[in-house]
Amino acid sequence: MTYQPPLYDIADALACVGLDDVLALPAFAHIDRDSVQEMVGEFARFVASEIAPIDTVGDAVGSRVDHDTGRVVTPQGFAEAYRRFVAAGWPAVPFPEDWGGDGLPWVVGMALQEVLASACLSFSLCPMLTQSGVELLGQSGTAEQQARYLGRLVSGEWTSTMALTEPDAGSDVGALRTRAEFAAGVGWRIFGTKVFITWGDHDLADNIVHFVLARAPGAPSGSRGISLFAVPARLVGPDGSLGEPNALRCVRVERKLGIHASPTCVMEFDGATGELVGELHRGLPAMFTMMNTARLSVGVEGLALAERAHQAAWAYAQTRHQGRLPGTDPAASVAIAEHPDVQRMLLTVRATAQAARLLVYATARAVDESRHHPDPRRQSRAGEVAAFLVPLAKAWPTDMASAMASVAIQVHGGLGYLEESGVTQIYRDARITSIYEGTNGIHAIDLVVRKLGIGPESPLMGLARRLESCAQGLRVGGQRDAATVLGQAADTLVWSAKWLVARRADAPLDALAGATPFLRLAGTTVGALLLGERHLQRDGSGPLPAADAFFIRQLLPIALAEAPAIRAGAGSLRE
Ligand SMILES: Cc1cc2nc3c(=O)[nH]c(=O)nc-3n(C[C@H](O)[C@H](O)[C@H](O)COP(=O)(O)OP(=O)(O)OC[C@H]3O[C@@H](n4cnc5c(N)ncnc54)[C@H](O)[C@@H]3O)c2cc1C
């Protein structure tokens with residue numbers, strides 16, 4: 001099955017979340033809607049012809065360590081595809097012009113990332129992580145560090161990694177043991193082992209800059225005493241020239257369920273030369289500034305795989321003939337797409353992918369406004385909205401990706417269980433997106449413990465008001481059923497939030513217990529809201545499109561049934 005970039009759906013979603021408003025910000029005066037569409041179209045053509053074809057071989061062969069050189073070798077076609085990707089200038093698109101980028105809105109960058117992740121998730125992770133490195137250096141690096149690294153990371157000539165996780169420090173990053181030592185005249189040296197480092201070594205670029213979290217002498221314990229270091233795989237001279245290999249290596253590439261072409265490396269730092277990025281002991285706040293966008297990028301992966309699952313399932317359902325329908329010729333079988341039960345599956349995946357796209361793009365729009373709105377009050381409000389939406393935009397689409405890949409397998413019947421169907425790869429690849437960049441359980445807790453407020457100006461109450469007004473608009477347009485469910489969703493969201501906020505103070509374990517069901521409720525509700533608002537923006541007088549009506553009328557009520565689980569309390573969960 002070949003992936004077709006859904007250009008119409010992408011353009012439509014960009015318009016719906018307010019691309020025009022973003023482009024009207026002074027920071028984007030150099031670009032208009034037509035040139036955005038042109039760029040997305042050109043990128044889609046590039047990806048369809050250069051990147052999509054390496055996905056299957058990447059899955060079948062995987063990256064591995066070459067025992068002679070000790071270096072990681074990627075599957076055939078990856079290095080060449082990456083060279084073309086860089087030569088065409090694609091990595092630079094979303095970065096500010098003074099960092100060497102094209103200065104496009106983040107929301108446009110997310111649309112490009114969607115296409116890339118749909119075509120080949122493994123490949124897309126390498127530029128995605130480099131993007132995080134660029135943001136870190138752009139925000140926290142010294143002028144000298146920026147001069148040395150930034151341009152080459154923005155262009156994609158070099159790549160970077162995020163090296164946080166250790167065997168005993170996963171969700172609890174503060175438990176890390178990697179240490180940094182300072183020697184006069186020598187500088188910082190890094191000692192320790194990092195695990196699960198994505199694209200920790202490879203043959204795509206001449207250098208890899210590892211952004212490593214480590215503890216320096218005199219650091220307070222826990223997450224407050226962590227510093228951030230840039231540790232290049234090959235040392236870089238003051239003039240930018242490449243020097244000797246640094247004292248670090250990939251000791252193993254993990255064997256894993258999916259994303260086989262993306263090397264997941266155990267990295268050993270044995271006195272490697274590093275440079276402090278940002279303030280000593282203040283590495284984690286620097287990392288967190290960047291993580292909002294990294295998390296959003298993982299949310300994009302979820303939506304990208306849900307889209308791909310839909311394309312595969314839909315195409316198969318048109319061609320596979322099985323069974324008959326009541327009232328049709330008993331001698332002739334029908335395409336399985338004719339069976340209501342298969343239609344339910346197809347619509348579930350299509351509607352979910354669309355809702356996920358709107359959720360992720362709407363969050364990216366808030367990120368753009370939080371960075372570029374000329375009115376500081378609007379900027380800070382957008383920052384709060386983005387902070388609230390990011391855990392939703394990371395966790396909901398990624399959980400949905402696994403569920404939707406499973407539905408796509410079901411549509412394929414027995415063939416879906418075989419590797420030759422291709423949907424097995426989507427299923428295997430999707431699973432990691434709920435785990436890395438913070439597990440979805442940790443994001444649900446972040447939402448409930450840190451982001452959830454119920455004051456009149458809180459993002460949650462803003463959403464509740466939008467739900468009411470969308471319900472009203474749909475009612476006026478004759479969509480009574482959909483309006484009723486959206487109204488119920490507003491009520492359920494608000495009283496669930498009030499319960500959680502009250503428990504957060506008095507019985508915090510109860511609030512923690514309700515976090516994941518609350519995230520499921522909120523993710524589905526925001527998806528439904530955005531679909532409803534899109535309909536009203538278009539005109540609102542006609543019937544809702546089938547997938548949107550299905551999502552609001554048939555899937556949203558399932559999410560509303562999370563209400564008892566949200567309020568069941570921690571006592572209900574002990575075995
Ligand atoms: C393929 C792959 C690529 C990765 N890439 C990178 C990378 O590039 N860089 C990097 O630094 N890391 C990377 N990781 C690591 C990834 O981010 C961690 O695996 C993840 O953060 C979870 O940590 P853990 O594996 O230690 O699980 P644990 O923290 O042990 O969690 C196990 C379970 O317990 C739950 N849990 C843990 N603590 C709490 C809590 N306080 N409250 C409630 N529930 C909790 C979790 O949600 C999870 O369900 C990658 C992992 C994989 C598998």
Side-chain angles (χ1 to χ4, degrees), residues 1-6 44 47-64 72-78 81-82 85 113-128 196 198-199 202 253-264 297-320 345-346 348-350 352-353 356 397-437:
M1 170 265 169
T2 43
Y3 164 66
Q4 301 290 336
V47 167
S49 68
E50 303 285 343
I51 311 292
I54 59 176
D55 192 40
T56 312
V57 63
D59 181 55
V61 177
S63 288
R64 60 180 178 86
V72 172
V73 183
T74 54
Q76 197 185 357
F78 272 66
Y82 187 76
F85 180 70
Q113 239 175 67
E114 178 198 324
V115 174
L116 193 60
S118 280
C120 182
L121 180 60
S122 284
F123 180 92
S124 77
L125 291 174
C126 188
M128 192 277 268
F196 294 136
T198 299
W199 287 96
H202 57 77
V253 168
E254 304 290 8
R255 295 183 61 224
K256 56 194 190 296
L257 182 66
I259 53 167
H260 291 155
S262 166
T264 304
S297 294
V298 176
V300 172
E301 294 169 10
L303 117 76
L305 293 176
E307 167 65 35
R308 202 148 147 215
H310 177 257
Q311 290 194 14
W314 194 87
Y316 183 73
Q318 311 307 313
T319 53
R320 170 75 173 165
M345 291 193 271
L346 294 176
T348 299
V349 186
R350 169 143 179 85
T352 303
T398 52
D399 278 348
M400 287 303 117
S402 293
M404 296 306 117
S406 178
V407 175
I409 287 179
Q410 197 70 17
V411 169
H412 283 71
L415 177 66
Y417 200 68
L418 306 189
E419 289 293 345
E420 67 181 82
S421 70
V423 277
T424 46
Q425 189 192 342
I426 305 175
Y427 186 67
R428 289 184 287 99
D429 284 358
R431 193 62 188 81
I432 185 57
T433 60
S434 296
I435 298 173
Y436 60 20
E437 203 55 54

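Heavy atoms only: backbone and side chains are in, while hydrogens, waters and symmetry mates are out.
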Rounded to the nearest 0.5 Å, how far does [atom2] of [Y] lie from [atom1] of [X]?
{"X": "Ser262", "Y": "Glu254", "atom1": "OG", "atom2": "CD", "result": "11.5 Å"}
{"X": "Leu305", "Y": "Glu114", "atom1": "CG", "atom2": "CD", "result": "10.0 Å"}
{"X": "Met404", "Y": "Leu303", "atom1": "CE", "atom2": "CG", "result": "13.0 Å"}
{"X": "Ile409", "Y": "Tyr427", "atom1": "CD1", "atom2": "OH", "result": "6.0 Å"}
{"X": "Ile259", "Y": "Thr264", "atom1": "CD1", "atom2": "OG1", "result": "5.0 Å"}
{"X": "Tyr82", "Y": "Thr74", "atom1": "OH", "atom2": "OG1", "result": "11.5 Å"}

Show the nearest heavy-atom pair for residues [X] and [Y], with the distance to one decimal.
{"X": "Ser124", "Y": "Leu116", "answer": "CB-CG, 3.8 Å"}
{"X": "Ala304", "Y": "Ser118", "answer": "O-OG, 2.8 Å"}
{"X": "Cys120", "Y": "Ile54", "answer": "SG-CG1, 4.5 Å"}
{"X": "Ala408", "Y": "Val423", "answer": "CB-CG1, 4.1 Å"}
{"X": "Val115", "Y": "Ala44", "answer": "CG1-CA, 4.1 Å"}
{"X": "Gln4", "Y": "Gln311", "answer": "O-NE2, 2.6 Å"}

*Count the heavy atoms belonging to other residues, nucleotides or ligands that lie under 6.0 Å from CZ of Arg431, then report whether that count exceeds 12.*
no

*Check: Ala261 main-chain N/O paired with Ser63 side-chain donor or acceptor under 3.5 Å*: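 Yes: the side chain of Ser63 pairs with the backbone of Ala261.
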
_Donor-acceptor pair, side chain of Thr352 and main chain of Val349, under 3.5 angstrom_ =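 No; judged by distance alone, with no hydrogens or angles, the pair does not exist.
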
Can you tell if the side chain of [X] reaches within under 4.5 Å of the side chain of [Y], non-hydrogen atoms only?
{"X": "His260", "Y": "Pro75", "value": "no"}
{"X": "Met128", "Y": "Leu125", "value": "yes"}
{"X": "Ile432", "Y": "Leu257", "value": "no"}
{"X": "Pro5", "Y": "Val47", "value": "no"}
{"X": "Thr398", "Y": "Glu301", "value": "no"}

_Strictly below 4.0 Å, N to O, side chains only: are Asp55 and Arg308 in salt-bridge contact?_
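Answer for the salt bridge query: yes.
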
Using distance only, find each side-chain donor-acceptor pair of residues 313-320 under 3.5 Å and give its atom names and separation, not counting sequence neighbours.
residue	atom	partner	partner atom	Å
Gln318	NE2	Trp314	O	3.1
Thr319	OG1	Tyr316	O	3.0

*So His202 and Trp199, would you call those rings parallel, tilted or perpendicular, with 30° and 60° as cut-offs?*
perpendicular

*asked:* Suppose we screen for salt bridge (charged side-chain N to carboxylate O under 4.0 Å, His left out). Which residues come up paired with Glu307, at least two apart in sequence or across chains?
replied: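 So Glu307 forms a salt bridge (charged side-chain N to carboxylate O under 4.0 Å, His left out) with Arg357.
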
